[in-house]
There are 2 protein chains.
Amino acid sequence: MFGPVSVGRISEVIVEQMRLLMREGKLVPGDRLPSERSLCERFGVSRVTVREALRVLEASGLVEIRVGARGGSFVTQPSSERIGEGLAELMTLTPMTAGNVTEARMVFELGILPLVVERATEEDIADLRALVEQGLSALDSGSYTMAMSAAFHVRVASSTHNPAIEMLVQSFHGPMLMSLQQARVAAPLMGHLGAQEHFQLVEAIEQRDVDRARAIMTRHLQRTAARVAEDQDPSLANLESGH
Amino acid sequence: MFGPVSVGRISEVIVEQMRLLMREGKLVPGDRLPSERSLCERFGVSRVTVREALRVLEASGLVEIRVGARGGSFVTQPSSERIGEGLAELMTLTPMTAGNVTEARMVFELGILPLVVERATEEDIADLRALVEQGLSALDSGSYTMAMSAAFHVRVASSTHNPAIEMLVQSFHGPMLMSLQQARVAAPLMGHLGAQEHFQLVEAIEQRDVDRARAIMTRHLQRTAARVAEDQDPSLANLESGH
DNA sequence: TAGCAGTAATGGTCTAACCAATACCCTCAG
DNA sequence: CTGAGGGTATTGGTTAGACCATTACTGCTA
């Protein structure tokens with residue numbers, strides 16, 4: 001008959017209220033929240049409590065906090081980075097290897113190809129061509145980066161015109177970049193061969209040739225996977241080359 | 001020559017230190033952190049600062065906080081739920097529909113089937129059979145839940161013996177459950193037809209028949225997808241049935 | 001006009017205290 | 001001897017008020 005009158009933490013209530021405002025579109029990316037002191041008054045709580053709520057929102061990637069005059073809490077555009085970070089964290093905290101993630105990525109990037117081939121517009125293909133061009137010239141000048149490769153793969157995914165798929169592929173590339181960059185394999189990973197495969201992939205997409213696209217992507221990703229595995233556990237690579 | 005002496009927030013330093021300890025395995029799931037007051041002394045900071053750090057760790061899903069005597073902060077087992085939550089949040093905060101997520105899920109769950117068929121052990125298959133049995137009897141008694149369906153699909157994914165894949169499929173089912181349960185479509189979604197398809201899928205896996213498995217899963221997921229689309233925007237479903 | 005110092009707004013941190021929830025222990029009655 | 005009850009210590013949750021550090025603007029001065 002008489003239910004509990006308190007519902008856990010006050011800061012949590014504030015967090016939920018903020019989340020709700022964002023979902024409802026009453027708070028949109030770029031908006032500036034009232035200052036901490038204002039929020040105290042409005043919610044009728046102390047500043048510490050407001051600050052804890054803001055910390056949670058910040059950790060959730062929903063707001064960004066800047067200090068100084070004209071500073072404050074700003075609603076951020078939610079991005080796939082958060083999911084990517086979560087994935088990376090899981091990778092480091094659970095028995096999950098870079099190879100595992102690479103395999104998952106292969107499954108996904110191969111699986112979307114039928115959708116890509118079916119739905120890619122002329123604009124998509126033009127963008128992909130441009131990225132290939134950039135990659136080639138960057139290769140010539142020796143300034144090719146993993147980020148450029150990632151951008152290409154993400155652009156391929158976005159050609160499905162499914163934001164969920166695009167975000168997932170983006171999420172995969174975050175941890176991938178991290179684990180590869182720190183392992184100084186950025187440069188040799190992507191040779192002219194890789195760039196050539198990118199080019200061929202775009203062609204296959206343009207010709208709406210699913211099978212060829214799959215074949216190219218399979219080869220392309222398998223070479224990447226081999227590199228990751230080798231980097232993950234060099235002893236295995238040596239074993240293999242020794243046979 | 002003289003670099004900055006301060007490096008942003010103190011609480012952030014503490015968070016990083018904790019994260020490091022977890023990565024290094026010096027803190028494992030189940031461990032209890034010292035009390036807030038102890039941490040204050042050890043770090044030489046105030047309780048407010050320690051609490052902000054704990055809030056961030058809690059929001060990141062790394063610790064769980066309990067009040068009362070013998071309470072405190074406990075290191076948690078990182079799970080895929082966090083990623084699922086992130087996905088769900090992105091779904092509500094960006095122009096991303098349940099249909100988009102369902103499509104991504106279809107791509108993924110279909111894509112892993114070759115791996116499942118290749119790697120499923122006898123134990124995997126026995127577990128799957130058990131889940132099918134449970135589902136059938138639950139159906140008879142009218143107690144079938146979405147969670148049971150999710151469990152089956154996750155178990156299929158775990159038969160790839162790739163934790164990354166398992167976690168991703170788990171992540172997909174979180175938001176899916178949420179959006180479906182709240183839409184009161186739990187019961188009619190899974191009829192005897194669905195259960196039968198589960199059964200057939202297990203058979204195909206046992207016979208190492210990739211093509212058949214794909215065919216069954218495609219049909220199975222497409223019916224789910226149709227339900228989601230219909231639920232997402234009933235007007236569309238009406239339109240279609242009106243033609 | 002350019003540069004610089006002052007100033008106000010804002011987040012970051014600290015202190016000290018009290019409240020609320022919880023588990024343990026000790027006492028006392030049966 | 002055993003069970004129930006309350007007391008108590010531990011721990012997180014919250015408050016109030018203060019001070020510091022950073023930052024952008026403003027207006028003065030050379």
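Chain identifiers are assigned alphabetically (A, B, ...) following the order of the sequence lines, protein sequences preceding nucleic acid strands; residue numbering begins at 1 within each chain.
Of the candidates C/dG11, C/dA23, D/dG12, C/dG11 carries the atom nearest the A/S73 side chain, counting heavy atoms from C-beta on. Of all nucleotides listed (C/dT22, D/dT23, D/dT15), D/dT15 comes nearest to the side chain of A/V45. Relative to the side chain of A/V67, the nucleotides D/dT15, C/dA23, D/dT22 differ in distance, and D/dT22 lies closest. For A/I65, counting side-chain heavy atoms from C-beta on, the closest listed nucleotide (C/dT15, C/dG11, D/dT11) is C/dG11.
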Starting from the C-alpha separation in whole Å, work towards a yes-or-no answer on salt bridge (charged side-chain N to carboxylate O under 4.0 Å, His left out) for B/R55 and B/E12. CA-CA 11 Å; B/R55 273 295 162 298; B/E12 208 52 43; over 6 Å; no
CA sep, side-chain torsions, deciding dist, call: B/E58, A/V56, side chain to side chain contact (heavy atoms under 4.5 Å, CB included): CA-CA 8 Å; B/E58 190 189 29; A/V56 172; 5.7 Å; no
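For the pair A/L57 CG and C/dG11 P, the computed distance is 14 Å after rounding to whole Å. Here the C1' atom of nucleotide D/dG13 and the CD atom of B/E52 are 14 Å apart, to the nearest Å. Computed from coordinates, the B/E36 CD to D/dG13 P distance equals 6 Å when rounded to whole Å. Distance, A/E64 CD to D/dT23 P: 13 Å, rounded to whole Å. Rounded to whole Å, atom P of D/dT14 lies 15 Å from atom CZ of A/R51. Distance A/F74 CZ to C/dG11 C1': 11 Å, rounded to the nearest Å. Going from atom CD1 of B/I10 over to atom P of D/dC20 covers 15 Å, rounded to whole Å. Atom P of nucleotide C/dG11 and atom CD of B/E12 are separated by 17 Å, given to the nearest angstrom.
Using a 4.5 Å heavy-atom threshold, the side chains of A/V28 and A/V75 count as separate. A heavy-atom distance below 4.5 Å is found between the side chains of B/S159 and B/L128.
For A/A69 and A/R55, each mapped to the nucleotide of DNA chain C holding its nearest heavy atom, the one lying further toward the 5' end belongs to A/A69. Both A/G44 and A/G68 lie close to DNA chain D; mapped to their nearest nucleotides by heavy-atom distance, the more 5′-ward contact belongs to A/G44. Nearest-nucleotide assignment on DNA chain D puts the 5′-proximal partner with B/P34, out of B/V48 and B/P34.
Between B/H173 and B/H153, the angle of the ring planes lies from 30° to 60°, which puts this pair in the tilted group.
Side-chain nitrogen and oxygen atoms of B/T49 include none within less than 4.0 Å of the OP1 or OP2 phosphate oxygen of C/dG12. Put simply, B/S35 has no side-chain N or O that comes within less than 4.0 Å of OP1 or OP2 on D/dT10. OP1 and OP2 of D/dT11 both lie 4.0 Å or more from every side-chain N or O belonging to B/R37.
For D/dG17, the base has no donor-acceptor partner in the side chain of A/R47 [N/O atoms by modelled type, under 3.5 angstrom]. Under 3.5 Å, the side chain of B/R9 and the base of C/dG11 form no donor-acceptor pair of N or O atoms. Interface remark: the A/R66 side chain does not form any donor-acceptor pair with the C/dG11 base, using a distance-only criterion of under 3.5 Å.
Side-chain N/O atoms of A/T121 and A/D124 include a donor and acceptor closer than 3.5 Å.
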